[in-house]
Amino acid sequence: MRISVIGSGYVGLVTGSCLAEVGHSVTCFDADEEKARMLREGRLPLYEPNLEELFLRNRKEGRLSLAKEAAEAVRDVDAIFICVGTPPLENGDADLSAIDRVARLIATESRSSKLVVEKSTVPVRTGQELKRALAVYGRSTAAAFRVASNPEFLREGSAVEDFLHPDRIVVGVEDGQAEKQLREIYQPILEGRFRCPVHPQGCPTGSAPAFVVTTIASSELIKHASNSFLALKISYANALADLCERLGANVEEVTRAMGLDPRIGPHFLGAGLGFGGFCFPKDIQAFIRLADRVGMDFRLLKEAEALNNRRIDSFVEKIRRALWVIDDKRIALLGLAFKPNTDDIRFSPALKLAERLLAEGGRVHAYDPKAMEKARAALPGACYEADPYATACGADALVIATEWPEFARLDWEKIRDGMSRPLLLDGRNLLDPKMARALGFEYESVGRPEGDSFCASA
Ligand code: UDX
């Protein structure tokens with residue numbers, strides 16, 4: 001099918017590149033001229049594993065093109081995926097102005113019927129508003145519009161993998177025709193019929209993705225409900241961590257045993273600095289606001305959000321207790337991205353922590369494998385070092401703020417010898433406390449107080 005993708009951010013670029021990869025003819029468009037120019041030059045405005053190779057190869061092989069003009073991206077295609085940002089407004093509502101602008105563009109530029117697919121994360125009822133907007137803006141054109149919801153479940157750092165090997169594909173439709181078209185679009189993924197850039201030796205055998213067909217409202221709700229539940233799990237794990245520190249228990253041993261129950265599952269029970277990124281914080285806010293608007297006080301989510309917002313405060317207190325005074329202390333910070341394997345610093349707990357330490361007079365020296373450029377622009381007050389060892393040199397304390405796997409493989413004796421005090425505060429429980437303490441570090445982490453874990457007697 002001929003498909004266009006409006007919006008070339010994390011979701012749009014992954015969607016466009018993957019749909020081209022599985023055989024469709026895709027046109028991408030972004031209204032941001034700077035981003036569009038970078039893409040035309042073959043440079044991606046963001047880092048996502050496997051994405052650059054996918055984008056460049058599909059452009060070269062002619063399945064992926066970039067529209068210079070908005071009209072070009074709309075006029076002759078069968079389906080249009082809306083992948084524009086829906087950031088939080090001051091009051092926590094999702095800002096849908098970009099969606100409205102795209103609806104106007106589609107309605108005024110279309111010359112034939114279109115399937116219009118909302119892939120951006122939107123509050124329930126957006127689909128109905130979109131449908132109405134297309135009808136109102138498009139009253140002068142003969143084009144008919146069919147609206148569908150197809151929420152993305154892409155995790156940054158594994159978005160290409162998540163798109164090509166999803167657990168489930170959810171579509172919210174109003175009629176069988178839209179279902180048929182979406183099934184056709186996703187057929188190669190449903191059947192696993194495509195060469196996979198993530199698994200060149202062949203896609204992992206596993207169950208085929210579920211293709212869930214429901215109404216537009218239910219489909220929109222599935223997205224918010226899923227993300228908010230994952231955020232709830234994380235806040236529950238963080239509450240357990242605080243309890244473990246008071247009771248002398250080990251949160252990792254507790255959550256590991258909990259996760260053995262398939263009804264609970266082992267994932268997203270990781271205690272630490274809490275959740276960030278451009279999804280959980282804004283989705284949980286939008287969901288709370290949506291519930292408020294229909295007369296339901298979603299206190300459960302409000303507490304999960306409040307608990308998450310306290311994570312940085314309590315970790316700063318942990319640092320202060322260890323340092324006594326933060327002012328004028330040199331603090332090494334490993335990790336700035338909101339999670340490993342991405343350069344994204346939006347709503348990053350690591351960046352929030354760096355801001356707080358600077359505000360208290362700490363001299364922050366930071367390093368991140370991918371997010372340096374974006375962090376330097378967002379937080380000019382910190383010093384940015386070339387590698388973890390330079391970052392740790394002369395530090396009074398070292399904080400692990402993002403659990404990049406490469407940090408676990410560092411020469412921690414060399415780190416220790418370079419520091420002015422061997423004080424290590426692990427905000428993401430990346431390291432083994434026994435190893436760290438055996439190396440002579442004063443080591444603190446989250447929910448794993450000293451003498452907490454069982455070790456077989458010698
Ligand atoms: C999330 C959802 O996972 C994805 O399905 C949805 O489409 C978009 O939002 P993403 O925001 O990219 O994806 O990252 P994710 O891996 O979910 O992590 C979100 C945040 O939770 C990160 O800050 C991460 O550090 C934190 N986290 C995750 C924890 O603190 N503990 C955990 O156990 C897992």
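In this text, all values refer to a predicted model and were calculated from it rather than measured experimentally. Just so you know, residue 1 is the first one in the sequence shown, and it goes up from there. Just follow the structure's listing: the first ligand is 1, and inside any ligand the first atom is 1.
Ranking protein heavy atoms by distance to atom 34 (C) of ligand 1, first place goes to F268 CD2, 3.7 Å. Considering only non-hydrogen protein atoms, atom 1 (C) of ligand 1 sits nearest to F280 CE1, 3.4 Å. Atom 4 (C) of ligand 1 has as its closest protein heavy atom L154 O, 3.5 Å. Considering only non-hydrogen protein atoms, atom 23 (O) of ligand 1 sits nearest to G276 N, 2.9 Å.
Checking side-chain atoms of T402 against main-chain N and O of A337 turns up a donor-acceptor pair under 3.5 Å. Distance alone, capped at 3.5 Å, is enough to place a donor-acceptor pair between the S120 side chain and the V84 backbone. In this structure, the side chain of N150 engages the main chain of V170 through a donor-acceptor pair within 3.5 Å. Not a single donor-acceptor pair under 3.5 Å links the side chain of S149 to the backbone N or O of G172.
Taking only non-hydrogen atoms, the option from R155, E48, K339, K223 nearest to atom 6 (C) of ligand 1 is K223. Looking at G274, P266, G272, G270 and measuring to atom 31 (N) of ligand 1, the nearest heavy atom belongs to G270. By heavy-atom distance, the residue among H267, R311, E156, E152 lying nearest atom 12 (O) of ligand 1 is E156.
Listed by number with element, the atoms of ligand 1 under 4.0 Å from a non-hydrogen atom of F338 are 11 (O), 12 (O), 14 (O), 22 (C), 23 (O), 25 (O). Every atom of ligand 1 with a heavy atom of R428 under 4.0 Å away is listed here by number and element: 25 (O), 30 (O). Near C279, meaning under 4.0 Å from one of its heavy atoms, ligand 1 places the atoms 8 (C), 9 (O), 11 (O). Below 4.0 Å from some heavy atom of F275 lie the following atoms of ligand 1, by number and element: 20 (C), 21 (O), 23 (O), 26 (C).
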Using salt bridge (Lys or Arg N to Asp or Glu O under 4.0 Å), reason through E245 and R321 one step at a time and then give a plain yes or no.
CA-CA 14 Å; E245 289 185 358; R321 279 196 300 275; 5.4 Å; no

Could you go through D283 and K223, starting from their C-alpha distance and side-chain angles, then the distance that decides it, and tell me whether this counts as side chain to side chain contact (heavy atoms under 4.5 Å, CB included)?
CA-CA 9 Å; D283 290 358; K223 173 66 184 177; 4.1 Å; yes

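Salt bridge status for K374 with D344: absent, with no side-chain N to carboxylate O gap under 4.0 Å. In this structure, E252 pairs ionically with R448, as a charged nitrogen and a carboxylate oxygen lie closer than 4.0 Å.
When non-hydrogen atoms are compared, ligand 1 lies under 4.0 Å from neither the backbone nor the side chain of F278. When heavy-atom distances to ligand 1 are checked against a 4.0 Å cut-off, I234 comes that close only through its side chain, counted from C-beta outward. Only the side chain of N227 comes within 4.0 Å of ligand 1, judged by heavy-atom distances.
Taking the ring axis of F268 as reference, the NZ or CZ atom of K233 does not stay both within 45° of it and closer than 6.0 Å to the ring centre.
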